[in-house]
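Reading through the structure tokens given below for one structure.
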Amino acid sequence: MSTTTTRGLLEVSGLSKAFGGVHAVDDFSFAAKPGEIVGIIGPNGAGKTTVFNLVTGVYAADRGSVLLDGVSLCGRRQDQIAREGIGRTFQNIRLFKGLNVLENVMTASDPTAPYGFFSAILSLPAKRGSDRQEAKKGREYLSLVGLSGLEDARPESLPYGMQRKLELARALAIGPKVILLDEPAAGLNPSEVREFIDLVQRLHERFNFTIVFIEHRMEVVMNLSHKLFVLSFGKLLASGEPLEVRHNPEVIEAYIGEED
Amino acid sequence: MRNRGLLLKSLALTLLVGSGLVSAGEIVLGNLQDLSGPTSVLGNAVTRGAELAVDRVNAAGGFKGDKVKLVTVDTKGNVQEAIKAFNRLIDHDNAVAVLGPPVSNIGLAIAPMANEKKIAVVGSFIDPRVTVQENGEAQPSMFLIQPTSTQYAEIIASYALEKLGYKKFAVLYDQSNAFAVSMLKPFKAYIEKRGGTVVAEETYTKTDKDYRAQLNKIKSANADVLYIPNYTQDLVITVKQAKQIGLNLPMVSGLDAAPPFATLVGDPEAANNIYFANNFSDKEPQLTEVRNAYRAKFNEDPINKAYLGYDKVTVILKAIELGGGATGPQIIAGLSKVKDVQGTTGVITISPKTHQPLGLSMVMYKIDAGKYQEIGRYVPESHK
Amino acid sequence: MDYIYSILTLTGITMIGVMGTYMVTGLTGQFSFGQAAFMAVGGYVSAMLALKYGVPFALAALIGSAAAALSGLLVGMPTVRLRRDYISLVTFGFGEAIISVLNNSAQLTGGAEGLVGIPKRVDLPLVMASVVVCLFLVACYKNSKYGRQCLALRTDELAARSMGIDVNRLKLVTFLFASAITGYAGVLYAFYAQYLEPGYFNWTVSAEWLIIVFVGGINSLTGAMVSAVILTSLPEFLRFASAWRIIIYCIIVLLIINFRPNGIFGDWEISRLWKKKTTVKGGQA
Amino acid sequence: MLQNIFFGLSLGAVYSLVAVGFALVFNILKFSNFSHGGVMSFTAYAGYLAYIMLFDGHISGSWMFLAIVTTAAVVGALTAIVIERVGFRRLRRNNAPVIYYFISSITLGILLENIITIFASSNFYSYPLFFSSNNIALFGTTFSVADVVTLLVSSGALIILLLVLYRSKLGLGVRTVSFDVNTASLMGIDPDLVVMATFAMSGALGGISGVFLGMNYSLYPQLGQLVVKGFVASVIGGLGSITGAVIGALLLGIVEVALIGVVGSGWMPACVFVIMLVFLLVRPRGIAGVIVQEKA
């Protein structure tokens, strides 16, 4: 199992992105030190998911830079960024429906599986060995998130909470230095949320990777994060220790403003 | 002597019939046609003509007492389908001879199989390669009952060049249509050998519906005459659009300009000054009977492919007679002997060397202001 | 007998052609609307090599398939970045372009009149063996990391990219492989039918293959193969109905699409029958 | 030059009717509706049938033309409604993937073509001459009355269509459904009705194009294969955009005619392919289409 080292320094500075005339993200900066758990919060439409999409290369940033361990990720393709070691999950779960649970996890290690085209179409020993290895690892990831025994199930047949876990296992399987979780607790019931927090903490202890997450649930935010960044209308509103941010009057106003 | 021979024969026949080896006299003719697909109009017309011929034979008590059965299979105008359908006719339906399609591509595709199975295919595929191999020998099982595209194109070329005195030719043809292409090459060869020139050569493909750009180029090429060896529906577009752009050239064409072409155009000014060669003359008496029967049965006028369908049956039955029996090899042998058989489209004699008809002349027609005028039979000097 | 043989042979060839469509459209979700053009490339290249240069069949077959793959590369490189709808247009346009090239190079290809005199080198056993071999290759491909990534990108391209899958490259590799296989189907066809014409390879054939793949199942190689067998032989069984047979065929296809919305087999594969065992064994090991 | 542009435009006008029929359906159901070709052939024959059975001997000339166009448009609309009911309604209920709609539409196209083949394919048929066949000369170009009528009627039909789409309640419904079916049904729009209406409009256009094809060319079952040009035009134009489809069709017409002049008609399809490829690489969203950015 790939234990990630202390690497995983993510530095984002001056990130900007406009769609049409709307500044979805405007001069946003944040940093996550290796092994740190960072939360990004903010009202709906604040541009949180856009930040993730900019970091992972879904969109190209208009301005600003993203550095992973000092290496710039700007202009890289989405898949290259993923292989540099940034794994992610999605707000609206995006599992691969045509594949079973185990295969879903395997897709994350497939891009680096050490066999070529001819090994594949002839099913040579190299391919079979590698596939076995991958499957073994995949099962381990599944057991880590508590999905053992469901390898052959169809992802769409799983309950919502399990789908979240599967997505997490899939993100783990790329061996990330940094993992981005987009509202990982959305749609979970209170007991599932607690379970989820435990799971993330356990995984963090084990792999010691950097985690950046977007979340609305205060329970998750307060329990997990070492540091918080608040985003509002694409701009950084506040940052700091969770408790400190929680009592920041501007932040409260931004949230209350949203409720109106 | 003769009596004894006859006696023996009838004795043998009775025995065979009695033992059930010969099923109460039925001759199965396969009919391989494009009933669907792009050439379905042609295939359906051939089928109707053939049905008519078979009905007539059977109504008159059959062919020498045997009922003739026509089994029609569809090729969808597709070579792959045709291969399956041909095999089905032979293996499943036990056809002893096959009426081929009016489309050369399918003729070319089934030739190797017909040769191997020794089943004659009598068709109106006018590409000479269907009936004659590259080494000059006849394709053993393939027979044509209509002039080849070479004969055909040369007749038209000769008429335009030598009779009408045109020297500068423009051509417009469907490059994706084997028929058009096979009508073009010998035409060009003929006129270029005899002092004519092709001053404009324009093409289109079957999805094109607007030839005005091509016709406009032709217009500026200063040709004397336009050669359009294409399918009927394309000819309709051609003459209408030629008129639209004010292209006022005389045109020469193949038998696709035969009725109902001028009616389809519906515009006497567009369907004007067009010469074409037809297989037969409308006035010939042998046509009248078939035409009337066709009208009675299908309630419309036959197009010329229907007559070809009719003749295919006539020729095959004649070959059975000449070959001495209704088996594949006998019919093949018989077809090579077909001589002076009166068909609807003319008097048919098949050359044993080329399996193509000998001496079939063409009847020249002119369409003048939407009206068909028969000019008469025409045989080029070089063909005599 | 010859009748049955010819059906089986042509069905086998169609099965191989359909494998290409399956890979591009079924497995990868790219809309291939000109797959038959690769069949034309394979068929024409190999047939011309054999006819004009006397190249032996095996070598001609190899070069024919390679040429199809090469043309797959030419079409694939610019198209893999395009959206699905555009890929359908580009593949369609490629098919029409190939036909126009074939029609225009009459000295080489025989043009619309077709290429005759191709020696007969293909018979039923060879076709059956080819089906088995190609099926093995394609099934292995589906079952490898390539197949998994293809399925991933088919369901969700964005998520696939975020798993580190180089989507464009993967599409291209699959496209090449599919072109080679389809090209090989063209080789078999050329040396079986002994005759080639450009018009045969137009978009309606590609559309027929698409119908076969999706009637078989939304993503099932087994289904694609079974449906290839059924849909190519169905019209033969309907011969008694004469001109109505195509109509009956269409109605059957419509019924399946309407009432089995995932196709006959959905994403079921026959290999699951024995795969269960291997999973259990793997678990014990 | 001017003459060639005119040829290109009038060719494009024929393509544009087809392309718009295509784009309408693409707009709401997001697939290329190949059954449109079948509708065109079918209505062309229906118009002919109406001509010989109903109108012949009663009216003639422009009135005959109007009567036939109207009949064909009505038949086209009805046929399209039946097609929607038979071929696509259930697929929508099943939330089938888009490709199934496409497969279904191709099958329906083949079905219609073969129904015609069974009943009408042992001969060619043609419409009577509706208009004076004289040419009109203008600015050194000549065109026929039929051309002008084609141009006028197609632009008329397109304008009516745009009015319906942008000025009527039904049009609003169509646009809403095309944007998001679920939202539309939440807003109280009956998607079934809207889809049906769209098919009807598309079918009516198909009917009109069918008559034009029959009038300018002649009747044969494969008449509707012109649909592939509509497909190309509508995709180039930007999927689902009506104006894009029109522009795409006109452009396709002009490019085809220009290419015939430059490289000759034989190589034209190959060149169109290359141009199309370059165009899509430079502008991958078509002429009028908007970028559909995938949401993460």
Side-chain angles (χ1 to χ4, degrees), chain A residues 52-53 56-58 77-90 93-99 102-113 115-124 127-128 130-132 134-136 139 149 151-152 154-155 167 170-171 173-176 180, chain C residues 23 26-29 69 81 133-170 172-174 176-177 180-181 217-220 262 266-267 269 272 275-276 278-283 285:
Chain A
F52 273 18
N53 284 339
T56 55
V58 176
R77 288 196 319 261
Q78 221 184 321
D79 55 291
Q80 292 171 328
I81 293 174
R83 270 178 283 163
E84 283 295 321
I86 296 189
R88 78 176 284 188
T89 66
F90 297 91
I93 301 173
R94 303 180 82 141
L95 293 166
F96 303 125
K97 289 202 189 80
L99 297 166
L102 178 61
E103 288 166 335
N104 258 280
V105 178
M106 286 168 80
T107 52
S109 52
D110 277 331
T112 50
Y115 61 89
F117 176 74
F118 289 100
S119 296
I121 59 170
L122 296 169
S123 201
L124 295 182
K127 179 252 176 192
R128 279 178 281 156
S130 164
D131 270 9
R132 256 199 305 275
E134 266 190 75
K136 195 173 149 230
R139 284 198 188 89
E151 284 83 358
D152 287 331
R154 296 268 131 188
E167 225 190 3
R170 193 178 64 177
I174 72 167
L180 310 180
Chain C
M23 271 189 279
L27 194 60
T28 325
R81 310 152 214 262
V133 171
C134 292
L135 200 55
F136 173 76
L137 298 180
V138 174
C140 285
Y141 188 80
K142 185 188 176 186
N143 205 17
S144 75
K145 63 170 184 176
Y146 291 98
R148 284 191 293 272
Q149 297 181 79
C150 282
L151 283 170
L153 89 86
R154 190 186 83 144
T155 23
D156 193 330
E157 202 167 316
L158 194 146
R161 285 179 200 274
S162 75
M163 292 299 112
I165 298 173
D166 186 344
V167 166
N168 291 357
R169 206 183 110 82
L170 183 64
L172 193 60
V173 170
T174 313
L176 284 190
F177 185 32
I181 296 265
I218 185 146
N219 171 36
S220 164
N262 284 334
D267 58 4
E269 292 288 7
R272 282 206 201 154
K275 209 156 192 188
K276 272 276 187 297
T278 51
T279 323
V280 174
K281 215 165 59 191

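Fair warning: this is a prediction, and the values are worked out from it, not measured in the lab. Numbered from 1 within each chain, the chains take letters A, B, ... in sequence-line order.
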Considering residues at least two apart in sequence or located in another chain, which fulfil the side-chain contact (heavy atoms from CB on, under 4.5 Å) criterion with A:Asp79?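 Applying side-chain contact (heavy atoms from CB on, under 4.5 Å) to A:Asp79 gives A:Arg77, A:Arg83, C:Asp166.
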Qualifying residues under side-chain contact (heavy atoms from CB on, under 4.5 Å), relative to A:Ala173, sequence neighbours excluded: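 Expected list: A:Val105, A:Ala108, A:Tyr141.
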Among A:Leu102, A:Ile174, A:Ile81, A:Leu99, residue most engaged with chain C (heavy-atom pairs, under 4.5 Å):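 Highest number of heavy-atom pairs under 4.5 Å: A:Leu99.
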Top contributor to chain C contacts, counting heavy-atom pairs under 4.5 Å, from A:Ser109, A:Ala82, A:Ser130: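 Of the options given, most contacts go to A:Ala82.
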Considering only heavy atoms, which portion of [X] lies under 4.5 Å from any heavy atom of chain C: side chain, backbone, both, or neither?
X: A:Glu134; value: side chain
X: A:Lys97; value: both
X: A:Arg128; value: neither
X: A:Thr107; value: both

Please examine the side chains of A:Phe96 and A:Glu103, heavy atoms only from C-beta on, and report whether any two atoms are closer than 4.5 Å.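 Not touching, per the 4.5 Å side-chain cut-off.
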Backbone N/O of C:Gly26 and side chain of C:Arg154: donor-acceptor pair under 3.5 Å: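 Side chain of C:Arg154 to backbone of C:Gly26, a donor-acceptor pair under 3.5 Å: yes, one is there.
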Can you tell which part of C:Ala139 gets under 4.5 Å to a heavy atom of chain A, answering side chain, backbone, both or neither?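 Contact with chain A: none, neither part.
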With a 4.5 angstrom heavy-atom cut-off, could you sort out which part of C:Thr155 is near chain A: side chain, backbone, both or neither?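 For C:Thr155, the contact with chain A is made by the side chain alone.
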Hey, are C:Lys142 and C:Glu269 close enough for a salt bridge, meaning a charged N less than 4.0 Å from a carboxylate O?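 Salt bridge present between C:Lys142 and C:Glu269.
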Hey, which of C:Arg148, C:Lys145, C:Gln149 is the one that makes side chain to side chain donor-acceptor pair (under 3.5 Å) with A:Asp110?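 For A:Asp110, the side chain to side chain donor-acceptor pair (under 3.5 Å) check succeeds only for C:Arg148.
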